[in-house]
Engineer: 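Quick one: structure below, then a few questions.
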Amino acid sequence: MSDTNNVLEIRDVTVHFGGRGGLLGKAGPVVKAVNGVNLDIGRGETVALVGESGCGKSTLSNTIVGLQPPNSGSVRIGGEEVVGADRRKLNDIRRKVQMIFQDPALSLDPRSTIGATIAEPLIVRRIAKGKALTERVAMLLQQVGLRPEHADRYPHQFSGGQRQRVVIARALALEPDLVICDEPVSALDVSVRAQVLNLLVALQKRMGVSYLFVSHDLGVVRHICDRVVVMYLGRFVEMADRDTFFSSPKHPYTRALMSAVPEADPMIQRSKERIILHGELPSPANMPSGCPFHTRCPLATEICSEVRPELTPRPDGALVACHHA
Amino acid sequence: QTKDTLTIDLPGDAATLDPHLQWNTDSYSIYRNIFDNLLTRDVKGEIVPQIASSWKYLDDKTIEFQIREGVTFQDGSKLTAEDVAFSINRIIDPKLKSPQLSQFDQIAKAEATSPTIVKMTTKSPYPALLAQLVKLSIVPKAYVEKVGDQEFNLKPLGSGPYKLVNWQKGVQSELEAYSGYWRVKPPFQHVVFRSVPDVSTRIADLKTGKADLIRDVPPDQAESVKGDSNSQILSVPTERVGYLFLNAQAGATKDVRVRQAIAYAIDSKALVEALLEGYGAPVNVVGAKPVFGYTEKVQGYAYDPEKAKELIKAAGAEGAKVEFLTSPAYSRATIEAIQQMVNDVGLNVEISSSDQATFLKRRQGDPANAGGLAFGAWSCACQDADGIIFPLFRTGSIWAKYSNGKYDALVDKARIILDQDERLKLYEQAYEILREDVPGLGLYQAYAVYGANKKLKWQPTANEAMFVTDMSWQQ
Amino acid sequence: MEMQVTDPLLSVDSLTIDIGGANVVDDVSFSVAPGKVMALVGESGCGKSLTSYAMLGLLPPAARRTAGRILLQGEDLAAMTERQFRKARGKDISIIFQEPTASLDPLTTVGAQIVEAYRAHHGASRAQAYEQARQMLVDVGIADPDRRLHQYPFELSGGMCQRIMISIALICGPRVLVADEPTTALDVTIQAQILDLMKKLVADRGTAIVLITHDMGVVADIADDVAVMYAGRIAEIAPVHALFQAPKHPYTALLLASVPKLEDAPKADLATIEGTVPTPNEFGVGCRFADRCPLVTDKCRREQPPLFDCGGGHRSACWHIDRMVEICEVAA
Amino acid sequence: MVRYAAERLIQAIIAIFGVLTIVFVVMHLSGDPTLLLVPQDASAEMIAQLRQQLGFDRPIWVQYLDYLRGLAHFDFGISVVQRVPAADIVASRVPYTVMLASGALLVAIGMGIPAGIVMATRRGGWLERLLTAIVVTGQSVPTFLSGIVLIFVFGVTLRWLPTSGSGDFVSLIMPSIALGALSMSTFARMTRISIIDELGKDYVRAGRARGLSLSAVVFRHVLRNAAIPVITIAALEIGNLLAGAVIVETVFAWPGIGQLAIQSIQSRDFLVVQVIVLLISFVYVMTSVLADLVYAIVDPRIRMAR
Amino acid sequence: MNTATFAIRQRIRRVPLSVIVVSTLLLVIVLLAILAPWIAPADPAKQNLLARLKPPGFELRGITYWLGTDDLGRDLLSRTLYGAGVSLSVAILSVVVSTLLGVTLGMVAGWFRGKIEVIIMRLVDIMMSIPAILLAVLTVAVLGPGFLKLVLVLGLTRWPRYTRVAYAQTLQVANLPFIKASELAGAGAARILFHHILPNIAGPVLIVTTAEFGLMILMEAGLSFLGLGIQPPAASWGSIMSVGRQYLERAWWIVAFPGACLFLLVFSVNVLGDWLRDQLDPRSRSR
Ligand SMILES: Nc1ncnc2c1ncn2[C@@H]1O[C@H](COP(=O)(O)OP(=O)(O)OP(=O)(O)O)[C@@H](O)[C@H]1O
Ligand SMILES: Nc1ncnc2c1ncn2[C@@H]1O[C@H](COP(=O)(O)OP(=O)(O)OP(=O)(O)O)[C@@H](O)[C@H]1O
Ligand SMILES: [Mg+2]
Ligand SMILES: [Mg+2]
């Protein structure tokens, strides 16, 4: 698996929250947000990370860029270790990796104009200054469908979607090797979404950027990704090439997901069969024994509640963690 | 009807009430009503008997005191010669670490030769002895030995007209009349001394009747007290002299012409009239009328700015920088007025104000660092020139930044002879030298100014003491 | 006409909102009947959220409603006293905000915020309210509700915060629900669950929903009517089937065309609309879409098109409804 | 929790130790009390003798070690000026200081915070203008002036309140106002700003959307969010009120430790100053620990981040 | 275009009337202070013991004392004018010293945490626990009085307040996602501190600064009251007032005029501070 050409190599990353006991002595339960995941992303590859809300996607993303130290495991970006790196090292590494945050409202400095925000990476990395900088900023704004005049505005003067575009522009400013996109387009309207997706794809084609693309929108995932990883309760339950994934989803959770994707056509959508998941939704603080999905799984048998299935390769190359699929 | 409680506002609380440990005005004002002293001064300033009923010199260095009988301490025990001898020996005992030791260090020892007689020997003939003994309070031997020094300080016991009933340190001392007092019946049953540092507040207290008597009213605030229908100003000329120190050993003032110029530059009459609003009297030397040795014969410097300018020019000291040391303890207005007067004749006076401790450290330290000018208000509470010009100008004394052998000889001599006329002459000569050399310049005799309720009858004295027994209340 | 069968629960009538002298929302009218879902779609920044704030009387200080009325159950909201309005908020009309994390007080547990919403309108005891809140969390699909109730917003994932917001909006069973992108942060299974919950509200209680979303799939799933907004104005408003089958405004058509489709090649360029939305101070006198419209003519630039009625409740603000065929070609 | 407390405690001890050392050194650099104790006519030898008796002639580090040795046995020494244990002197003033500080804090917080809230929520009204005038007055009148003006107005002219005095409630009123006025202004302004900051945030709108009135949102949510800077100020002001009362205590003849401190500094009563400094730093450190705890109570993010 | 120009552009928009008024006022005060030597009708140190404590409008030998005289017969108008310069420069310098020092240390402590945080915050504890008055007295005792020493004392005693405020605010702000975003963008500590944290904590800091501005004048006044402030014959508003308080009944004008000036100054600084703060907060600006 280990290939020097990989932009990102994640090994056995585990992130737990809490448990240490707060200041006032309330020792909360341990939230096992991410549990021993492995992932490689090659140069120019786009990997989608899909999964339920709260399954640990953002936590994993934060860990990759070094904002959230993992409890254990290793994260290498371009061959360099992120975990335990000192500030300077981290700063070097971050040149190669950028992140588009999930919540645009909070990830923009309310007291900086968006021009300043987008210009920041260019300034601190000494990539451009003066007129060139202004031009770069204007170009980036245009790339994400905003206008150069917007540079002087403050985040609160934008709508949610516009803010998200600013965040994207900032992430792309450095033309990084890897961009972690934490739901980059979910706040965008379809036409802008199309623009942004086109932009992401164009950048990839031009510069060989790799993406880790967190999304709920399987339509988008199918459009943009080379590989799909499904996460459930902090673990990867399925990992496959796009075509394999969409043509033959294997994990019961994946199948439920697929069936829940709404189609942009009322006729089809309203006549669609859906796999409805029943059963209790487990929480990462109170992890069920065995397969994390067994509480809701239509295929669950006894073994599922006892033995946790590992990711195992299937003939078509997919990796699936299920006893029955 | 008699008034039961008299309330007196002082600027501060007593630091200690052990009379052998402190000599600041506030402590003294309070404990002097608790203790009797060996000797005291009358209204005219004469030294008169108190615990000692009489005394006689056996020789130049030995003096015998007859101790008054029938005096009791406030616990009822009799005051004997033993107590007197104990008091004397106590204050000169280095173990007590009394800051007053220097005033009594000429005493070699004291012993009670009978229950009513104390014999005291001094190390050398010491004419100021009696004046110093005015400051010696008599403490009860048995009690002090029983409770120890520290406890005695907190719960003092004396033979005076009032006994301490409650001392809230830093707040107030409450005294109660001692019915067994030998001399008179104390006029008020209770006396409360309160500590009120700010003079404006003291005046407000007086006006609202919260205080009956307040100490230390600056002359220019007296107006405010006078304007109140219930209050009056009580004032008295004191032995305190306001003087200007001139450094004769360093800086621009090292040149005697500069010093003389400064002396000519100062219009002390204006100071007295304008700033003291009449609560002061001009003097011609560093001393005041109630002081033994004060003389009118020595000419003062008349205000003559032109002459001053000439002298400055002659000395080549135009625009010379002169540092004027001061501390918040001294009247700011006076200092500034002097500064202006001296600047007007061509010097450049810079005021440098620091707290009292630093002021003293510099003023008493190395001449080079002692500033060119400093203001002072001196009282030795002994009404003797020896207590003023000896410590101020005698070579080697901490205050002197001046040295003149002839002068030293005169004051040294005046110290040890007992013939008063002879001494007067010596001081006259000494003052003449001081006039010539101007290491210091007498500015005015200060008045003690008190604010009092209109009904309080009291004649304050030159030594600034506050004897409650001298006061009375008029309905 | 179908629309007149029941009185609308909420109607927005020529609403105009001004920010800094520009009409950011301009002459917007629509209404929702009980048990109906009105979807509001449109480019981001076109004024959807502002419209929703206006419906609750919570416009930001910079914004002013300069014209138009909003009627809630036939009553003019502007005529209500602040007290009446406050009573109505959360109970008669409630809202799910677009940015859930920012809309929760960071220092109060989410449980307390839900309970507060409930107790603002019900004289229930704290314990009862907690029980309600718990039930609500189960309904929105949050596991381990008892623990979650005692957590702070920063301890929850984005999607959970969104569901907390949904719980707050729904706990008092509002007659009208304004949902500003309620499912953007949710995975499709949960989204389906939430949509089911909404459908249930609509079916059981006759709640009227104004749903703001970018997800055409969601619109297709749940909406009865759709209003498409562009640059502060309504471009087209129609029953959902009609809109998807035969859009009558070029913007709608292009919008629908840019949804990634199954048959598209992966990573192929998606159809987009050239240009960007004009900023409010660039709004000209003519059609605001004119600069980006393939059908543009001089008339478009000169004159603002009114909403033409095309029958069947379908209305469109375009001078060239008859030329829509051309668009379909462009989009294809 | 325990570890955090222990850590803070150790740091606090080090800090207090630092304060004591600094003050000890600087005090001794600035001279000793001998000159102030002796009668003015004392000779140089007498001064030297008393200095030696009092032990101030020894090298500073010897005196320091000596002091520390005493401190180790909780012996704070005996004041050379008053000849009583320094700790007793300070202890007798503590109740007055506590009274005055509480009074002033009551004025400051009791008036400042409500004023700040009103000023933030009623922007532009006459009430805001009135409060602004009061706040600015509090900030621009020196205490030595406000004190004496209060005395003249309420004590001398109106005779409502005693002109000076200590220990009882009526005589506490004016000093509390004089001392608290400045802090009151600080609290009012800080509260106002923090609230205005918070009012612009989304959760306020969300709170109103769920049917809360603006004032309910302010009281239930905004105040908590606005609390951090106000708490910081409170912790600062408490220390300030203890030691900063010098002038007020002087003007009102209130025998607190502020007055004692300045007198002791001026008379170079080292040991008393040291006890005061010890006390103030202790209180200060305690309030700042307390402030940290309150931050943590108010803001769960800070709590969890520890 | 760099960050600064982005930020500064559009900064000055509609300036409210009150701000214009107070800025003018402030400007006038500053101008009067600077121009005092030229416009003051008399030498502020020139005494006339015959004209002590005279009321405003008093005339003597053709000289009119517009604001009356003090206890040494000096012209109060001239003294107030000259005093403005002293008070203002004490306040400005000490505020600048303590703000620069205090805010920087506070942000550093709050951002880096760990050891440096402990050191800085304990240093703050130490400085805060030494009563300012003690430090002032001792400084004067050891170094002697003087203008620069005064500024030094005030600056040194006040910085910890800024540190505490900046520290507490930094702790709060440092957790926000936009700070993380900028960290990711590669911004170094200095940039994050001064470009992102500083503007976002500026509100409370500005409050402290404006409050401290007036306070510094008052502190100097307090030191003057204790005799340790500006050395005469130079005067500050504080020292004029501390003299005047003795003559409240006899000569109210001595405190009244510098007092009024101080009120106006503090008021102006506050209004201006609030406005500046609003300028830093784009959200409230476009209101
Ligand atoms: N407080 C404000 N000050 C100035 N302009 C604002 C403010 N709030 C919104 N705007 C502007 O108003 C327009 C409409 O904003 P609104 O939030 O309603 O958009 P939206 O349709 O909800 O977009 P999105 O789908 O991205 O959320 C935008 O151009 C935005 O820039
Ligand atoms: N700072 C934190 N402290 C405690 N728990 C946390 C913290 N951050 C996240 N969690 C928990 O970790 C789990 C994973 O959260 P994460 O934000 O990674 O989810 P996510 O997959 O990004 O979800 P979403 O799609 O809703 O954004 C959740 O249960 C969340 O509550
Ligand atoms: Mg997330
Ligand atoms: Mg929106």
Side-chain angles (χ1 to χ4, degrees), chain D residues 11-12 14-16 18-19 22-23 26-27 29-31 132 135-137 139-145 148-149 152 182 185-186 189-190 193-194 196-197 200 228-229 231-233 235-236 239 243-244 246-247 258 261-262 265-266 273 276-277 280-282 284-285 288 291 295 299 301-302 305, chain E residues 118 121-135 137-139 141-142 160-161 164-165 167-169 171-172 175 203-204 206-208 210-211 214-215 217-218 221-222 225-226 238 241-242 244-245 248-249 255 259 262-267 270-271 274 277-278 281 283-284 287:
Chain D
Q11 289 172 15
I14 294 173
I16 292 177
V19 176
I22 293 175
V23 172
V26 182
M27 283 282 290
L29 282 183
S30 74
T132 308
V135 164
V136 174
T137 309
Q139 277 182 294
S140 57
V141 181
T143 40
F144 60 75
L145 194 60
I148 202 70
V149 168
F152 272 113
L182 190 63
S185 306
T186 316
R189 285 170 49 79
M190 191 54 95
I193 286 304
S194 308
I196 290 178
D197 258 354
I228 295 267
I231 294 165
T232 312
I233 288 293
L236 294 177
V246 176
I247 290 171
I262 188 83
I265 295 164
Q266 284 172 345
V273 176
I276 294 174
V277 166
I280 291 175
S281 45
F282 178 76
Y284 178 77
V285 168
S288 71
Y295 290 155
D299 192 337
R301 286 166 296 191
I302 293 177
Chain E
V118 172
M121 294 321 288
R122 282 339 110 206
L123 199 66
V124 165
D125 286 351
I126 291 179
M127 289 305 296
M128 293 286 300
S129 349
I130 303 179
I133 220 89
L134 183 145
L135 215 63
V137 172
L138 293 183
T139 311
V142 177
R161 317 188 106 231
R164 290 238 22 140
V165 172
Y167 167 73
Q169 293 303 109
L171 283 188
Q172 236 188 354
N175 282 327
L206 255 173
I207 294 301
V208 179
T210 50
L215 201 73
I217 296 182
L218 296 191
F225 176 68
L226 297 172
M241 282 194 273
S242 88
R245 77 185 285 276
L248 267 186
E249 288 165 294
V255 294
L262 184 53
F263 181 90
L264 288 180
L265 178 69
V266 169
F267 179 76
N270 281 358
V271 172
D274 285 359
R277 194 202 130 270
D278 284 354
D281 180 1
R283 275 173 310 211
S284 51
R287 271 180 198 161

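What you see below is based on every heavy atom in this structure, not just the backbone, and it leaves out hydrogens, waters and symmetry mates. Below, read A as the first sequence line, B as the second, and so on, with proteins coming before strands; counting in each chain starts at 1.
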Engineer: Pick from D:Leu29, D:Leu145, D:Ile22: which one has the most heavy-atom pairs with chain E under 4.5 Å?
Structural biologist: D:Leu145
Engineer: Given a strict heavy-atom distance threshold of 4.5 Å, which part of D:Ser194 is in contact with chain E: side chain, backbone, both, or neither?
Structural biologist: neither
Engineer: Which heavy atom of E:Leu218 sits nearest to which heavy atom of D:Gln139, and what is that distance?
Structural biologist: CD1-O, 3.3 Å
Engineer: Would you call E:Leu171 and D:Ile228 a side-chain contact if the rule is heavy atoms closer than 4.5 Å?
Structural biologist: no
Engineer: In this structure, are over 12 heavy atoms from other groups packed under 6.0 Å from D:Phe282 atom CZ?
Structural biologist: no
Engineer: Between D:Val141 and chain E, with a heavy-atom cut-off of 4.5 Å, which part of the residue counts as in contact: side chain, backbone, both or neither?
Structural biologist: backbone
Engineer: What distance do D:Asp197 atom CG and E:Gln169 atom CD have between them, rounded to the nearest 0.5 Å?
Structural biologist: 8.5 Å
Engineer: If you round to the nearest 0.5 Å, how far is OG1 of D:Thr137 from CZ of E:Phe267?
Structural biologist: 10.0 Å
Engineer: Under 4.5 Å between any side-chain heavy atoms of D:Ile14 and D:Gln11, yes or no?
Structural biologist: no
Engineer: Give the C-alpha distance, both sets of side-chain angles, the deciding distance and a yes or no for side-chain contact (heavy atoms from CB on, under 4.5 Å) between E:Ser242 and D:Phe144.
Structural biologist: CA-CA 7 Å; E:Ser242 88; D:Phe144 60 75; 3.5 Å; yes
Engineer: State, to 0.1 Å, how close D:Val19 and D:Ser281 come at their nearest heavy-atom pair, and which atoms those are.
Structural biologist: CG2-CB, 4.1 Å
Engineer: Considering only heavy atoms and a distance below 4.5 Å, find which of E:Leu215, E:Val118, E:Val271, E:Val208 pairs most often with chain D.
Structural biologist: E:Val118
Engineer: Using a 4.5 angstrom heavy-atom cutoff, name the option from E:Val165, E:Asn270, E:Val266 with the most pairs to chain D.
Structural biologist: E:Asn270
Engineer: Which atoms of E:Ile126 are under 4.5 Å from chain D, going by heavy atoms: the side chain, the backbone, both sets, or neither?
Structural biologist: both
Engineer: Sort E:Leu248 into side chain, backbone, both or neither according to what part of it lies under 4.5 angstrom from a heavy atom of chain D.
Structural biologist: side chain
Engineer: For D:Leu182, is it the side chain, the backbone, both, or neither that has a heavy atom closer than 4.5 Å to a heavy atom of chain E?
Structural biologist: side chain
Engineer: Quick one: of E:Met241, E:Met121, E:Met127, who has the most non-hydrogen atom pairs under 4.5 Å with chain D?
Structural biologist: E:Met241
Engineer: Just so I understand: if I count every heavy-atom pair under 4.5 Å between each of E:Ala221, E:Pro160, E:Gly214 and chain D, which residue has the most?
Structural biologist: E:Ala221
Engineer: So what's closer than 4.5 Å to chain E heavy atoms on D:Ala291: side chain, backbone, both or neither?
Structural biologist: side chain
Engineer: Check each atom of D:Thr143 against the heavy atoms of chain E and say whether the ones under 4.5 Å are side chain, backbone, both or neither.
Structural biologist: neither
Engineer: Looking at D:Ile233, D:Val23, D:Ile16, which one has more heavy-atom pairs under 4.5 Å with chain E than the rest?
Structural biologist: D:Val23
Engineer: Most heavy-atom pairs under 4.5 angstrom with chain E, which of D:Val136, D:Val277, D:Val149?
Structural biologist: D:Val136
